[in-house]
Amino acid sequence: MSSAVPLTADQIADLANTLPLWRVDDAKAIARDFKFADFSAAFDFMTEVAGVAEVMDHHPEWSNVYDKVSIRLTTHDTGGLSDKDIALAEAVDAAAISFKGH
Ligand code: H2B
């Protein structure tokens, strides 16, 4: 598994354009909140993301309350944002499209 490459300051400043659905948390993490039709849909979404995270060997910090899922992405190995957070965020965005009601 390739090691994570930290984002540059320019890449972090450009996240509003490259990942417009995510907010940047103190230049250290990105976060996005989801709302689904019900708990079942939320958990199905989490199951799909969990599979992607395992394949990527890059894992979200997240929480679930009934139909809501909050995801925060940061790279523990580098202590900040890396290319792996962008890749996982893109995969999360793609997974979310297939779920209605968020
Ligand atoms: N996930 C996240 N979010 N950050 C990491 O630094 C990280 C990870 N490192 N998943 C991976 C696992 C590392 O611990 C393993 C050994 O590859």
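Atoms within each ligand, like the ligands themselves, are counted from 1 in listed order. Sequential numbering from 1 along the given sequence is applied to the chain's residues. The model shown is predicted, which means the values in this text are computed figures rather than measured ones. Excluded from the calculations below are hydrogen atoms, water molecules and symmetry mates; all remaining heavy atoms, backbone and side chain alike, are included.
In terms of polar-atom proximity, D85 is not counted as a contact of ligand 1, lacking any N or O under 3.5 Å from an N or O of the ligand.
Applying the ring pair (Phe, Tyr, Trp, His ring centres under 6.0 Å) criterion to F39, with sequence neighbours excluded, gives F43.
With atom 6 (O) of ligand 1 as the reference point, the heavy atom nearest to it among D57, L73, D77 is part of D77.
A salt bridge is absent between K84 and D57: the closest approach of a Lys/Arg side-chain nitrogen to an acidic carboxylate oxygen does not fall below 4.0 angstrom.
Taking the six-membered ring where the residue is Trp, F34 and F45 present tilted rings, their angle falling between 30° and 60°.
None of R32, R72, K28 except one satisfies the salt bridge (charged side-chain N to carboxylate O under 4.0 Å, His left out) rule with E61; the exception is R72.
Remark: ligand 1 atoms within the under-4.0 Å shell around heavy atoms of T75 are 4 (N), 6 (O). Residue T74 approaches ligand 1 through these ligand atoms, each under 4.0 Å from one of its heavy atoms: 2 (C), 3 (N), 4 (N).
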